[in-house]
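As structure tokens, the structure follows; a few thoughts come after it.
Being a predicted model, the structure only gives us computed values, none of them experimental. Worth knowing before you read on, the calculation uses all heavy atoms, side chains too, and leaves out hydrogens, waters and symmetry mates. Numbers restart at 1 for each chain; the letters A, B, ... are given by sequence-line order, proteins then strands.
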Amino acid sequence: MFTPDENIFSDEYPLRENYQPEQIQERDNELKKYRNALQPVINGAPPKNIFLYGKTGVGKTVATNYLLDHLQEDAGEYGIDLTVIKQPCNNISSSYQVAVNLLNQLRGPDSRVSTTGYPQQDVFNMLYDELDELGGTVLIVLDEIDNIGGNDDILYELPRAESNGYVDDVWPGIIGISNDFTFRDQLSPKVKDTLCEEEIHFPPYDANELTSILGDRAEKAFHDGVLNDEVIPLAAAFSAQDSGSARQGLRLLHKAGELARSNEASTVEEKHIRSAQKELERDQLEDGMRELTTQGHLVLCSVSAFEITEVAPVRTQEIYERYQNYADRISADALGERRIRDHLSELSLHGFLTVAERNDGFHGGSYYEYELNVDLGSVLAVLSEISRLEDIPEMLESAADREGLT
DNA sequence: ACTCCACAGGAATTGAGGGGTG
DNA sequence: CACCCCTCAATTCCTGTGGAGT
């Protein structure tokens, strides 16, 4: 029933997200700076705190893994006591949670600590005890640290643990990785001084750099001669234009390969890249829509309704009235208007809605008008999967049919 | 230049829901 | 059980704002 697939891919692994290449390409300057910043560890000095910033998929995490692997090897060789702790901070929204997660990572699975309940300082103290236990130099990598927002206590606490006498035998060093440039400016001044003593900026890749990275991975992943010549430059161009992210480019290649495979094509061509691009874009939007709360869904329903009757763009006030209607229909408590404004701005932030500021001056004042920024069909498709909304999506769908919009 | 509309969005607070210790 | 902690959506209260009308 299952047979190994041998037409397109020789090995899909190099296209996956967690693939760790043996060499890092196109990041020579950044690596050099990074290596210098880590040098004190090998010299037996206290580690520097390092802050990396740059958008997703520009090599921050890969470079960190690469250098720290080598650092650990070399530390072993020179008899230096080094521990590296990696803590991904996606889905972590506060310093408290970061501390708990670090703590649980250090403790065995049998003595883990609940993620709530303790006073913050208690968690920090437990963490200090564990660090003291480790001793030596401890590098703590906090990936996607911008998730903690303005709540940056942990970034203040950890670097000072030693000078404040919370720990005796350990040199903690923080490596913060952030996707968000503005995160650095949001940090409280006391944190900025210490954490940002060494900053390394990773710029987005340009199309040439992406071509070389994608080319290298593709060589490992695809059979010889499977890729048409224009495929890699096109994938590189798409992702350079959009985000400068290697991750996006790799996803694109992978998806295009899968499409070619399922079409039983013998080569991957330009058209596969183009449809892969469309498909990935759509998947991402649809996933985003699914993840909204019921209230968010209701707001989206409301805007869609106006879209169908072609009165969009529509102002907040009218959306709110419609929303109240729908909330009532599914017997949910209708939220206050202020909250709906938050939901609306969240929806526009995700790119589901576009917002335009209008101002009617003396007799109108200023207000926002929203309209759908995504295909009505896919909005309704997603909404109709959500049972909590009962018959609202169906209603909208049949209304759209009547208007001939689907 | 001034006024005034109608809303945007910041700040502080609440309350329910996860959990802790003694 | 009484009392406390963290989190996050939601509420309350409020100040800020851009430009058409005067």
Can you give the first and last nucleotides of DNA chain C, 5' to 3', that have an atom under 4.0 Å from a heavy atom of chain A?
->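 Endpoints of the contacted stretch of DNA chain C: dC5(C) to dG21(C).
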
Once salt bridge (charged side-chain N to carboxylate O under 4.0 Å, His left out) is applied, what residue pairs with a partner in [range] remain, sequence neighbours excluded?
{"range": "residues 342-351 of chain A", "answer": "Arg338(A)-Asp342(A), Arg339(A)-Asp342(A)"}
{"range": "residues 168-184 of chain A", "answer": "Arg184(A)-Glu199(A)"}
{"range": "residues 111-129 of chain A", "answer": "none"}
{"range": "residues 45-58 of chain A", "answer": "Lys48(A)-Glu198(A)"}

Which atom of [X] lies closest to which atom of [Y], heavy atoms considered:
{"X": "Leu210(A)", "Y": "Ala240(A)", "answer": "CD1-N, 3.5 Å"}
{"X": "Ser304(A)", "Y": "Leu383(A)", "answer": "OG-CD1, 4.5 Å"}
{"X": "Val113(A)", "Y": "Val100(A)", "answer": "O-CG1, 4.1 Å"}

Are [X] and [Y] linked by a side-chain donor-acceptor pair shorter than 3.5 Å?
{"X": "Tyr96(A)", "Y": "Asp153(A)", "answer": "no"}
{"X": "Asn49(A)", "Y": "Glu197(A)", "answer": "yes"}
{"X": "Glu337(A)", "Y": "Gln317(A)", "answer": "yes"}

Salt bridge [X]-[Y], side-chain N to carboxylate O under 4.0 Å:
{"X": "Glu22(A)", "Y": "Lys220(A)", "answer": "no"}
{"X": "Glu390(A)", "Y": "Arg329(A)", "answer": "no"}
{"X": "Arg322(A)", "Y": "Glu318(A)", "answer": "no"}
{"X": "Lys32(A)", "Y": "Asp28(A)", "answer": "no"}

Verdict with supporting geometry, Glu286(A) and Arg290(A), salt bridge (charged side-chain N to carboxylate O under 4.0 Å, His left out) = CA-CA 6 Å; Glu286(A) 292 191 354; Arg290(A) 269 186 214 101; 3.7 Å; yes

Parallel, tilted or perpendicular for Tyr34(A) and Phe202(A), by the 30°/60° rule?
-> perpendicular

With under 30° as parallel and over 60° as perpendicular, where do the rings of Phe51(A) and Tyr53(A) fit, or are they tilted in between?
->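 Judged by the thresholds at 30° and 60°, the geometry between Phe51(A) and Tyr53(A) is tilted.
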
Got a sec? Which of residues 317-337 of chain A come in under 4.0 Å of DNA chain B, heavy atoms?
->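 DNA chain B contact set from residues 317-337 of chain A: Gln317(A).
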
Those residues of residues 90-109 of chain A lying under 4.0 Å from DNA chain B by at least one heavy atom = none

Looking at DNA chain C, which of residues 291-304 of chain A put a heavy atom within less than 4.0 Å of it?
-> Gln295(A)

DNA chain C contacts among residues 352-361 of chain A, heavy-atom distance under 4.0 Å =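 When residues 352-361 of chain A is checked for heavy atoms under 4.0 Å from DNA chain C, the hits, listed by number, are Asn359(A), Asp360(A), Gly361(A).
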
Results of ring-ring contact (aromatic ring centres under 6.0 Å, His included) for His70(A) - residues two or more places apart only | Tyr66(A)

In 5'-to-3' order, the base (B), backbone-only (S) or no-contact (-) status of each nucleotide in nucleotides 14-22 of chain B, using a 4.0 angstrom heavy-atom cut-off, is ----BBSS-

Within 45 degrees of the axis of the six-membered ring of Tyr166(A) and under 6.0 Å from its centre: does Arg160(A) put its NZ or CZ there?
->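 No cation-pi geometry.
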
Filtered N/O pairs between nucleotides 9-13 of chain B and protein, under 3.5 Å:
unit_1	atom_1	unit_2	atom_2	d
dG9(B)	OP1	Tyr368(A)	OH	2.7
dG9(B)	N7	Arg338(A)	NE	3.2
dG9(B)	N7	Arg341(A)	NE	3.2
dG9(B)	N7	Arg341(A)	NH2	2.9
dG9(B)	O6	Arg341(A)	NH2	2.9
dG10(B)	N7	Arg338(A)	NH2	3.0
dG10(B)	O6	Arg338(A)	NE	2.9

Sub-3.5 Å donor-acceptor pair from the side chain of His350(A) to the main-chain atoms of Leu347(A), do we have one?
->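 Here the side-chain-to-backbone pair does not exist.
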
